[in-house]
Structures are given as C-alpha cells and as structure tokens.
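Note sheet for the following structure.
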Amino acid sequence: MSSKITSIADVRRHFLNNKRPIYFISATNFNLLGIGDWVGNFRHINYIDCFDRRQRNVFVPREKFPRDFEGIEDINNYLLEHKEVIDFIQSRAQGDDAGIATFLMFDEHTEEVCEQLGLKVAFPPAALRSRMDNKIETVRIGNKAGVPSVPNVLAKVGSYQELLEVSRELGTDLVVQTAYGDSGHTTFFIASEEDYYKVAEEIEAEPEVKIMKRINCRGSAIEACATRSGTVVGPLMTELVGFKSLTPYKGGWCGNEMFAGAFSQTVRDKAREYTFKFGEALREEGYRGYFELDFLIDMDGGEVYLGELNPRVTGASSLTNVAAFAHSDIPLFLFHLLEFSDLDFDLDIAEINERWSHPESIDSWSQLVIKHTEESVDLLTAVPASGVWRMEQDGRIAYDHYDSHPHAAENEQEAFFLRISGEGDFRYEGADLGILITRGRLMDDDFQLTERARAWIEGIRGEYAGQPLQDPVVEEVAVSHAIGGGNFKIL
C-alpha cells in the first residue's frame, strides 16, 4: 500500500512511475495532447490517424469497416469492439486488469463493453453524466449553488405565440436552447416570427427548452476538476464562436484563446468563484472529475452568467493542459486520474487555486478549429501533415518539422497543426479539417480575428486540395457516411 499523497510532487512522481495501462479512447487524441509526457503507460486509441502512424503512443486500427456513426459514442463503441483494439488492450493487460479507460463521450453500452474487457471507466456513470449534461438541469444546479444564468425561463413551447407569452418579461429578442446538443446546432436566435418558424420543429419537439434574454456578451470557458479534496479550477479562456472563416454554424464553437488580460481581474475572479461553487454542487450531486463551464460575460453591465456545463474533457482541454500553470504543477487532467485512482490523497486545493489564479501563471495560447465552410462535397487528394508549421513575414506558411506536442511551436511565428481530415476523406460542409495551436493571441481587444489568425486560416486551407464529386447521389452517400456528417462534433 503506497503512502498518502499530500503534495503536487507526490502526484507527479506517482504518475510518471505508473505501470497500469491508461487509455484515452476517442476519434482523435486532440483533447489530451501531451498527457503521455506526464503519465507512464498512457496510450491513445483513436479512429482517425492524425499522425500517419508516426506517433508511438497512438494506436489506430488498420482495418476500417463501413459504419454510420450518429455520435462519438458510436465511434468509441466501434473501437472497443474492433478485434485489433481488443488484441492491443489484451496484450498490455496485467492479468484480469486491462487498465483504465477515459473518453470524451461514452454511453451505457460503452460501460458494458469495458466491463467485458476488464477496463475500469475513469468517469462517473454515463447515466449521471447524461443528466448533468442537460442544459435545463445545469440552470437548476447553478441556481441552487448561487451561480446565476442569463435571465431566462424554462418552458414547453408549442408555438411562436406561446414563446412570447412565457418569455414576456425577457423581451422579444430571444435565445432558445434545447436540453442536449452542440451549441452550434441547438442554440437558436429568435427575434421575429420568421426566425421562429425556421427552427420551430426542433423547439416544439422538446419537452422543455431554455429561453434567454439576448445580451451583448462574449463567450468564455473554464475547466475544473471536482475531487474529494475540493474543486480545482483552471483559468478563464475566451471562446471563439461563429467566425465564418472557421465554421459554417452560427453560434458554433471554433477555438479558444488563453490570455490573462482578455477580461478584467474582477471578471476572472468571479468566474473562478462561480466555477468552484458549481464544482462543489456537482460533488453533492454525486458527480466527480473533470468538467467545463461556459460563461457569458455581459459586455454592457459586466455580469458573469453561467452558460452551460460539459461534464467531460472538452476541446478547451488541449490548452488547459499545456499552459504554464499546468507545467509548473501538473495538468488538470492528472487531478481527474488521481480522483479515480485507488490512492489515498489529501491536497491543499485552496493553495493550488490561489496559485493558479495569478496572471503570471497564465501564458498566452490560442487554438483554431478549422472546418470546411462551403456548401460543397469533394474527395481530398492533398492534405497538410500534422506537426510544426512556420509563417514567413509575407504570411505564407510552410511545414517545418514533425512533432506531436503544441509546445514544439516555440514562438508566435510557429504553430502546431493537428490534421483531422486526411487524404481520401470526403470534405463536406462542417467537416473538421484540423486544429491549429499557437502561442500568443489570435483575437484583438475587440474579439475579432487578427491578421495573423486570418493568415494561418488561409494558409492551412490552401494546403488542402480536393477532387469534385460529379454524381449528386455519390455526394449524398458521402456525407451520410462521413465521420460526423456535419451533425455532431468529434472534438
């Protein structure tokens, strides 16, 4: 029996010396880039080969079987039931213990397959995660914890007249959200009857929706981890939302920026306070481990409002786990692994949170999620390689060298690019082409893309080439079989 863990050094030493297999099973390894540097015997099991088989701790089955995926849970279940994956896991098992499995998304079937394989799922049960993921439930938990949402009502809506009736105190410029789904697809901006009828079917199909007053706000994200010692809180990050050069979805997430000066110290402190309170409320609900909160910062009044909860690692995790505070202590994800270990620990969470709240603990990083934004479908014939790219003075970009970690980009003239769509894949509206991560800012003080950001986007897009599909029937089949299909995000 190991001795009690009481310090960050103890945690770091334990995971560096870890011998038990630990897996991140997902479409790509994007969310937990670099975690293998901190955790011994850590492997990614992925559906997409972002690295052309050059990355040793990433396992991708060679044989692919045609499947229609309706969500990332389907991708993970496909992987766990794939013979090559089963053989890989069993070859590394320690007796009956196949190791620990972590995911971006999973369901009850995933849990059943993991139990058959001898894998321990290092997350709360899927049923609890699903309940926490409900945007309506998030409002109620926030209200109970003293974490306010944008002025709203929760109601069943059957017509535009009913919408106006139940929300009459909120005005007529409204934002409506359904309980589940990616915000780019399930957040509706309604200022007229015409706006309503475009999305009436989705709204009226729901037993209850969240109806909010529309405010002038900026999106932000903060990640945290609810542990038995308390809730560890990361930094407040700006969200990139709805940029037409990055995503075809209005309101769709398309990146993050970590910059201590993006918001005032007052706003940052309030968001951190709310996140801690919400994390403690989650612990009372039985939830523990990694989570992320979206906050809406009212640019007119300065209020900080709860947006939504993601009870999981997220697209922002790639920045949270590579920032200065993470490397001076440990990445936030290691607190998650610690919580689901059998180790006895007692850490001073208040002291860690205090240290992580200081601006000097937050170095500046940005990431862009680049999707195909045109209403076209083609077959990719040329794609950029994952690794470090460099930008010249005239804005042109060129591949510099292979690497698998964002830290390999040493300055603001360099960026780490993780390719998602590969040669031979279909490129369709909403398809994830890749993620670019770089040091420094990619938005200005008015929260608009900088010239450098636009040059990176244009440069990366220019590295892709495709062959048009002439047959409309082939186009339709291509979209329906393509991973994601534009209907769910894989990141």
Side-chain angles (χ1 to χ4, degrees), residues 133-140 142-143 148-221 238-255 294-310 369 371-376 428-430 443 446-449 479 485-489:
D133 203 18
N134 184 321
K135 293 179 178 64
I136 310 299
E137 186 72 11
T138 299
V139 173
R140 294 187 172 117
N143 291 341
S149 297
V150 174
N152 70 88
V153 293
L154 308 176
K156 166 70 177 173
V157 172
S159 67
Y160 182 63
Q161 287 69 33
E162 279 189 25
L163 175 68
L164 294 182
E165 177 64 25
V166 298
S167 63
R168 57 184 178 276
E169 295 182 3
L170 303 176
T172 57
D173 197 357
L174 303 169
V175 181
V176 178
Q177 279 190 325
T178 58
Y180 293 101
D182 175 14
S183 61
H185 302 277
T186 57
T187 298
F188 310 114
F189 300 88
I190 300 174
S192 67
E193 192 166 7
E194 183 182 0
D195 291 341
Y196 177 83
Y197 282 118
K198 292 177 182 176
V199 294
E201 186 176 351
E202 291 101 316
I203 291 174
E204 293 173 11
E206 294 292 317
E208 194 174 32
V209 294
K210 177 183 177 183
I211 307 161
M212 294 173 283
K213 174 184 177 181
R214 189 168 183 176
I215 61 173
N216 175 27
C217 64
R218 299 297 180 197
S220 63
T238 311
E239 285 198 316
L240 281 70
V241 177
F243 284 109
K244 292 181 179 179
S245 59
L246 291 169
T247 177
Y249 307 120
K250 183 180 181 181
W253 168 77
C254 50
D294 289 345
F295 285 103
L296 302 175
I297 314 300
D298 188 340
M299 301 307 290
D300 296 328
E303 290 88 354
V304 178
Y305 292 119
L306 174 64
E308 62 183 66
L309 162 71
N310 288 299
V369 179
K371 295 179 181 290
H372 185 55
T373 57
E374 298 176 14
E375 294 181 3
S376 63
Y428 52 89
E429 185 183 26
M443 288 197 297
D446 295 322
F447 297 89
Q448 298 302 310
L449 293 176
V479 173
N487 296 317
F488 67 94
K489 61 181 180 181

Q: Could you walk me through whether Thr138 and Leu306 pass side chain to side chain contact (heavy atoms under 4.5 Å, CB included), step by step?
A: CA-CA 9 Å; Thr138 299; Leu306 174 64; 3.8 Å; yes

Q: Could you please spell out the steps behind the side chain to side chain contact (heavy atoms under 4.5 Å, CB included) verdict for Asp294 and Trp253?
A: CA-CA 11 Å; Asp294 289 345; Trp253 168 77; over 6 Å; no

Q.
Run Ile203 and Ile190 through side chain to side chain contact (heavy atoms under 4.5 Å, CB included) and show every step you take.
A. CA-CA 11 Å; Ile203 291 174; Ile190 300 174; 3.6 Å; yes

(Q) Checking Ile211 against Asn152 for the side chain to side chain contact (heavy atoms under 4.5 Å, CB included) test, could you report, in this order, the C-alpha distance in whole Å, the side-chain angles of both residues, the deciding distance, and whether it holds? (A) CA-CA 5 Å; Ile211 307 161; Asn152 70 88; 5.9 Å; no

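A distance-only check finds no donor-acceptor pair linking the side chain of Thr373 to the backbone of Ser245 [under 3.5 Å]. A distance-only check finds no donor-acceptor pair linking the side chain of Asp446 to the backbone of Gln448 [under 3.5 Å].
Residues in residues 156-168 take part in these side chain to side chain donor-acceptor pair (under 3.5 Å) pairs, two or more places apart or across chains: Glu165-Arg168. The side chain to side chain donor-acceptor pair (under 3.5 Å) contacts involving residues 204-217 comprise Arg140-Glu208, Tyr196-Glu204, Asn216-Asp300, where partners must be two or more places apart or lie in separate chains.
Across all their heavy atoms, Gly219 and Leu296 have their closest contact at CA-CD2, 4.4 Å. Residues Ser220 and Glu239 approach most closely at C-CG, 3.8 Å, considering heavy atoms. Considering every non-hydrogen atom in both Tyr180 and Lys135, the closest pair reads C-NZ, 3.9 Å. Residues Thr247 and Gly252 share a closest heavy-atom pair of CG2-O, 3.9 Å.
With values rounded to the nearest 0.5 angstrom, Leu246 atom CG is found 14.0 Å from His372 atom NE2. Distance check: Leu163 CG to Glu193 CD gives 10.5 Å after rounding to the nearest 0.5 Å. Note: Asp298 CG to Ile215 CD1 = 4.5 Å, rounded to the nearest 0.5 Å. The SG atom of Cys217 lies 8.5 Å from the CD1 atom of Ile297; values are rounded to the nearest 0.5 Å.
Considering only heavy atoms from C-beta on, Val209 stays 4.5 Å or farther from Phe188 through its side chain. In this structure, the side chains of Cys254 and Tyr249 stay at 4.5 Å or more apart for every pair of heavy atoms. At least one side-chain heavy atom of Leu240 sits less than 4.5 Å from a side-chain heavy atom of Met443.
Partner Thr187 forms a side chain to side chain contact (heavy atoms under 4.5 Å, CB included) with one of Gln177, Lys250, Met212 and no other, that one being Gln177.
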